[in-house]
Amino acid sequence: MVVSTKDKKKFIFVVGSTASGKSSWALNQAQRLGGSIVNIDSVQFYKGLEVGSAAPTLDEMNLVPHYLYSFVEAPHEMTAGVFLRRFYELIEKGTLRFPVFVVGGTGFYIQALEKGMYDLEPASLEYRQEIERELKEHGPEMLHAELTAADPEHIIHVNDHYRLVRAIEILRQSGETPAQLKAKSQMQQNKNAFPFSYLKVGFSLPKEQARHRVETRTVQMIENGIIEETESFLKRGFQEWAPLSSVGYKDVVDFLIHNKSKQELVSNIVTSTMQLIKKQKTWFKRDSSILWSDLSNEKLLEMQRRLDLFLTDIDPATRAK
RNA sequence: GGCCAGGUAGCUCAGUCGGUAGAGCAGAGGACUGAAAAUCCUUGUGUCGGCGGUUCAAUUCCGUCUCUGGCCA
């Protein structure tokens with residue numbers, strides 16, 4: 001049974017590490033198939049961080065409809081929950097042209113989209129502030145002990161303050177541990193999981209090839225104004241804004257404050273970016289459902305073939321819903 | 001040419017009152033459910049510049065050579 005491409009909402013998740021060529025592949029495919037592109041990169045959501053996050057250019061966005069790029073303004077910050085809401089709004093409103101390419105390297109958001117998140121009220125600020133006060137006054141050991149008392153099996157390290165605070169916040173607010181919530185959501189058969197048919201493809205390059213691309217890209221970013229982007233936020237008093245501590249921007253902040261040389265800036269950005277690539281690879285390694293490609297013609301052709309099979313519904317490996 | 005500092009992990013440097021050495025960064029591996037490009041965990045054998053000498057034992061003391069930086073000629 002062959003179903004026409006237009007009858008079904010089909011999504012292609014294009015994941016992998018930064019500078020691997022996933023955006024341009026997605027652009028080409030979306031153009032070829034008359035689809036659209038949705039961002040799932042945690043920095044490209046922000047307005048004013050386009051250069052340093054290697055967001056698509058205006059010219060590229062004119063070729064194919066792009067969504068969820070450059071729409072969060074400082075001092076607002078994005079969360080996975082907000083992302084999901086915006087994403088499903090786009091589908092409900094019928095603005096998306098299919099097939100939809102969901103492009104980005106932020107594993108956490110991709111996971112949130114695929115598996116859904118816990119059914120929780122948005123965290124109330126009072127709990128958070130109280131927990132952070134306790135952390136500051138007594139150190140992390142007390143909070144860690146509180147979590148261990150509720151869930152002896154948890155794997156959150158004492159030093160991982162962020163996860164510790166979040167776990168306690170969940171515990172106090174809902175009365176349940178993160179592990180219990182996880183078990184519960186599995187019992188409900190992932191009712192929050194992504195309800196549409198999707199194919200997941202990934203891009204990954206050999207380390208030296210990646211480094212070479214990162215080096216040229218970094219020099220271009222400086223020419224294209226990553227320093228000016230950063231300065232403009234600092235001038236407006238947003239130095240504490242979380243996205244400024246992301247790869248590249250944190251290095252520019254350091255360059256500006258400590259008056260470093262541009263040569264040093266380039267090498268710092270390259271190092272940070274290579275570290276990001278490594279972390280992204282670690283994240284995606286455990287996901288065996290990703291179909292991988294590099295930039296070789298052979299692999300690209302194979303990937304396109306699999307994409308076309310997926311879209312015509314005759315690929316048995318496809319996880320149709 | 002003379003004097004003074006230095007030459008210790010890929011880099012920046014500690015240290016050994018003589019018993020073959022350790023931090024930070026980089027690198028490698030990993031975790032990850034509403035900040036995630038963030039946060040956190042694990043991981044350190046290197047002719048301690050070369051060659052001699054003293055010593056049971058030298059990277060450590062002595063001599064000499066060499067290289068780097070500074071000052072004086």
Side-chain angles (χ1 to χ4, degrees), chain A residues 16-20 39-46 49 51-55 72 74-87 104-125 127-128 132 135 140 144 154-167 169-171 173-174 176-186 190 192-194 207 211 214 217-218 221 226 240-254 264 267-287:
Chain A
S17 34
T18 193
S20 62
N39 174 233
I40 193 158
D41 177 293
S42 65
V43 183
Q44 293 179 6
F45 295 133
Y46 294 102
L49 299 181
V51 173
S53 68
V72 181
H76 295 291
E77 290 173 12
M78 192 58 174
T79 69
V82 171
F83 168 75
L84 289 186
R85 255 167 270 143
R86 292 282 170 284
F87 191 94
T106 308
F108 179 66
Y109 281 76
I110 295 161
Q111 173 187 270
L113 184 58
E114 273 193 273
K115 298 187 179 172
M117 305 186 79
Y118 300 151
D119 278 319
L120 279 174
E121 297 299 305
S124 100
L125 209 55
Y127 281 104
R128 171 66 62 92
E132 267 163 3
L135 176 68
H144 194 254
H154 83 265
I155 54 163
I156 296 174
H157 191 98
V158 213
N159 293 341
D160 197 348
H161 294 357
Y162 162 63
R163 284 198 173 73
L164 185 57
V165 169
R166 173 65 185 151
E169 178 182 76
I170 289 173
L171 181 61
Q173 192 165 331
S174 72
E176 294 182 283
T177 65
Q180 287 170 325
L181 288 173
K182 188 172 186 174
K184 208 158 114 186
S185 73
Q186 277 163 1
N190 295 334
N192 294 324
F194 195 64
K207 190 177 167 186
R211 176 178 288 275
V214 167
R217 193 173 87 165
T218 300
M221 278 180 180
I226 188 179
E240 299 298 318
W241 193 41
L244 286 191
S245 60
S246 61
V247 165
Y249 293 104
K250 66 175 168 205
D251 302 301
V252 176
V253 170
D254 179 57
E264 205 172 344
S267 107
N268 287 345
I269 293 179
V270 169
T271 298
S272 304
T273 310
M274 293 309 292
Q275 289 171 338
L276 170 62
I277 289 173
K278 180 167 146 42
K279 279 192 266 186
Q280 287 173 313
K281 280 189 172 174
T282 300
W283 181 287
F284 293 117
K285 224 180 260 180
R286 66 179 168 182
D287 187 343

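Labels below follow one simple rule: chain letters A, B, ... track the order of the sequence lines, proteins then strands, and each chain is numbered from 1.
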Enquirer: OP1 or OP2 of rA36(B) sitting under 4.0 Å from any side-chain N/O of Y109(A)?
Expert: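 Y109(A) to rA36(B) OP1/OP2: side-chain N or O found under 4.0 Å.
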Enquirer: Is K207(A) near enough to rG27(B) that one of its side-chain N or O atoms lies under 4.0 angstrom from OP1 or OP2?
Expert: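 Result: no.
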Enquirer: If we take the C1' atom in both rA38(B) and rC32(B), what is their distance in whole Å?
Expert: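 Result for the C1' pair: 11 Å, nearest Å.
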Enquirer: Please state how far atom CG in N268(A) lies from atom P in rG27(B), giving the value in whole angstrom units.
Expert: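 So the CG-P distance, N268(A) to rG27(B), works out to 11 Å.
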Enquirer: In chain order, what residues pass the side-chain contact (heavy atoms from CB on, under 4.5 Å) check against W283(A), with sequence neighbours excluded?
Expert: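 Counting only residues at least two positions away or on another chain, W283(A) forms a side-chain contact (heavy atoms from CB on, under 4.5 Å) with F108(A), Q111(A), R286(A).
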Enquirer: Roughly, in whole Å, what's the span from CG in D287(A) to P in rC32(B)?
Expert: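 Between P of rC32(B) and CG of D287(A): 13 Å.
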Enquirer: Give me the residues of residues 278-285 of chain A where at least one heavy atom lies under 4.0 Å from an atom of RNA chain B, by number, or none.
Expert: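 Heavy-atom cutoff 4.0 Å gives K278(A), K279(A), T282(A), W283(A), K285(A).
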Enquirer: Could you pull out the closest heavy-atom pair between L135(A) and V165(A), with the gap in Å?
Expert: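 Answer, listing the atom of L135(A) first, then V165(A): CD2-CG2, 4.0 Å.
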Enquirer: rG70(B) and rA28(B): how far apart are their C1' atoms, nearest whole angstrom?
Expert: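 Comparing C1' positions in rG70(B) and rA28(B) gives a spacing of 39 Å.
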Enquirer: Using whole Å, what does the distance between atom P of nucleotide rU39(B) and atom CD of E132(A) come to?
Expert: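 Rounding to the nearest Å, CD of E132(A) and P of rU39(B) are 14 Å apart.
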Enquirer: Within the pair Y162(A) and rA35(B), is there a side-chain N or O less than 4.0 Å away from OP1 or OP2?
Expert: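 Yes, within the criterion.
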Enquirer: In whole angstroms, how far is the C1' atom of rU39(B) from the CG atom of L164(A)?
Expert: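 About 12 Å, once rounded to whole Å.
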Enquirer: Taking the C1' atom in each of rA36(B) and rA31(B), what is the distance between them to the nearest angstrom?
Expert: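 My reading of the C1' atoms in rA36(B) and rA31(B) gives 13 Å.
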Enquirer: Within the 4.0 Å heavy-atom criterion, would you say G248(A) contacts the bases, only the backbone, or no part of the nucleic acid?
Expert: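 Since no nucleic acid heavy atom lies under 4.0 Å of G248(A), the category is nothing.
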Enquirer: Could you please name the option among rA36(B), rA37(B), rC41(B) that lies closest to any side-chain atom of H157(A)?
Expert: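 So the side chain of H157(A) is nearest to rC41(B).
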Enquirer: Pick the C1' atom in rC72(B) and in rU43(B), then give their distance to the nearest Å.
Expert: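 Comparing C1' positions in rC72(B) and rU43(B) gives a spacing of 50 Å.
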Enquirer: Using every non-hydrogen atom in the two residues, find where I40(A) and G104(A) come nearest and quote the distance to one decimal.
Expert: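 Distance-wise, the nearest heavy atoms are CG2-N, 3.4 Å.
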Enquirer: Could you summarise the pairing of RNA chain B as dot-bracket text, marking Watson-Crick and G-U pairs under 3.5 Å with ( ) or [ ] inside the strand and | across strands?
Expert: (((((((..((((.....[..)))).(((((.......))))).....(((((..]....)))))))))))).
Enquirer: Got a sec, which residues hit side-chain contact (heavy atoms from CB on, under 4.5 Å) with K182(A), two or more places apart in sequence or on another chain?
Expert: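 Checked K182(A) against side-chain contact (heavy atoms from CB on, under 4.5 Å); matches are Y118(A), Q186(A).
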Enquirer: Quick one: N159(A) CG to rU42(B) P, roughly how many Å, whole number?
Expert: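 After rounding, the gap between these two atoms is 8 Å.
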Enquirer: Specify the separation, in whole Å, of atom CE of M274(A) and atom C1' of rG10(B).
Expert: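 The answer, rounded to whole Å, is 16 Å.
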Enquirer: Judged by each residue's nearest nucleotide on RNA chain B, which is more toward the 5′ side, H161(A) or Y46(A)?
Expert: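 Closest to the 5' end, via its nearest nucleotide, is Y46(A).
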Enquirer: Please examine the side chains of M274(A) and I277(A), heavy atoms only from C-beta on, and report whether any two atoms are closer than 4.5 Å.
Expert: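 In short, these two side chains touch, coming nearer than 4.5 Å.
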Enquirer: Looking only at non-hydrogen atoms, find the nearest pair between S53(A) and V43(A) and report the distance.
Expert: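 The pair with the smallest heavy-atom distance is CB-CG1, 3.6 Å.
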Enquirer: Under 30°, 30 to 60°, or over 60°: which ring-plane class applies to Y46(A) and W241(A), parallel, tilted or perpendicular?
Expert: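 Ring orientation of Y46(A) relative to W241(A): perpendicular.
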Enquirer: Work out how far the P atom of rA5(B) is from that of rU64(B), and round it to whole angstrom.
Expert: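 After rounding to an integer number of Å, I get 15 Å for this pair.
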Enquirer: For N192(A) and M117(A), which heavy atoms make the closest approach, and how far apart are they?
Expert: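 In terms of heavy atoms, the two residues are closest at ND2-O, 2.9 Å.
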Enquirer: For S245(A), answer base if it contacts any base atom (sugar-phosphate contacts may also be present), sugar-phosphate if it contacts only those atoms, and nothing otherwise; contact means non-hydrogen atoms under 4.0 Å.
Expert: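 Sugar-phosphate, no base atom in range.
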Enquirer: Please report the distance separating the P of rU33(B) from the corresponding atom of rU39(B), rounded so that it comes out in whole Å.
Expert: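 Roughly 16 Å separates the two P atoms.
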Enquirer: Report yes if a side-chain nitrogen or oxygen of R166(A) is closer than 4.0 Å to either non-bridging phosphate oxygen (OP1 or OP2) of rA36(B); otherwise report no.
Expert: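 No.
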Enquirer: Would you say R163(A) reaches rA38(B)'s phosphate, i.e. side-chain N/O to OP1/OP2 under 4.0 Å?
Expert: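 No.
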Enquirer: Spell out yes or no: do the side chain of D41(A) and the base of rA37(B) have one donor N/O and one acceptor N/O closer than 3.5 Å?
Expert: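 Such a pair exists between side chain and base.
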Enquirer: Can you check the distance between rU60(B) and rU8(B), where both ends of the measurement are the C1' atom (answer in whole Å)?
Expert: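 That atom pair is separated by 11 Å.
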Enquirer: Is a side-chain donor-acceptor pair under 3.5 Å present for R217(A) with T18(A)?
Expert: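 R217(A) and T18(A) do have a side-chain donor-acceptor pair below 3.5 Å.
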Enquirer: Over all heavy atoms of both residues, which pair between D254(A) and N268(A) is shortest? Give the atoms and the distance, please.
Expert: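 Scanning both residues, the minimum pair turns out to be OD2-ND2, 4.1 Å.
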Enquirer: How many Å lie between CD1 on I110(A) and P on rA38(B), as a whole number?
Expert: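 Distance, rounded to whole Å: 15 Å.
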Enquirer: Taking the six-membered ring where the residue is Trp, are the ring centres of Y109(A) and F45(A) under 6.0 Å apart?
Expert: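 That pair passes the under 6.0 Å test.
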Enquirer: Looking only at non-hydrogen atoms, find the nearest pair between L49(A) and P243(A) and report the distance.
Expert: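 Looking at all heavy atoms of both residues, the closest pair is CD1-CB, 3.5 Å.
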Enquirer: Please walk me through it: do E114(A) and D287(A) pass side-chain contact (heavy atoms from CB on, under 4.5 Å)?
Expert: CA-CA 12 Å; E114(A) 273 193 273; D287(A) 187 343; 4.1 Å; yes
Enquirer: What is the separation between atom CD on Q173(A) and atom C1' on rU33(B), rounded to the nearest whole Å?
Expert: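 For the pair Q173(A) CD and rU33(B) C1', the rounded distance is 15 Å.
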Enquirer: Can you check the distance between rG15(B) and rA9(B), where both ends of the measurement are the C1' atom (answer in whole Å)?
Expert: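 Each nucleotide's C1' atom is 14 Å from the other's.
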Enquirer: What protein N or O atoms touch nucleotides 23-26 of chain B N or O atoms at under 3.5 angstrom, if any, and at what distances?
Expert:
residue : atom : partner : partner atom : Å
rA26(B) : OP1  : Q275(A) : NE2          : 3.0

Enquirer: Between I155(A) and G52(A), which has a closest nucleotide on RNA chain B that is more 5'?
Expert: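 Per heavy-atom nearest nucleotide, the more 5' residue is I155(A).
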Enquirer: Would you say a side-chain N or O of T106(A) is under 4.0 Å from OP1 or OP2 of rA37(B)?
Expert: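 Looking at the OP1 and OP2 atoms of rA37(B), one of them is under 4.0 Å from a side-chain N or O of T106(A).
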Enquirer: Just jot down the side-chain contact (heavy atoms from CB on, under 4.5 Å) partners of H154(A), sequence neighbours excluded, or say none.
Expert: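 H154(A): side-chain contact (heavy atoms from CB on, under 4.5 Å) contacts with H144(A), L147(A), T148(A), D151(A), I156(A).
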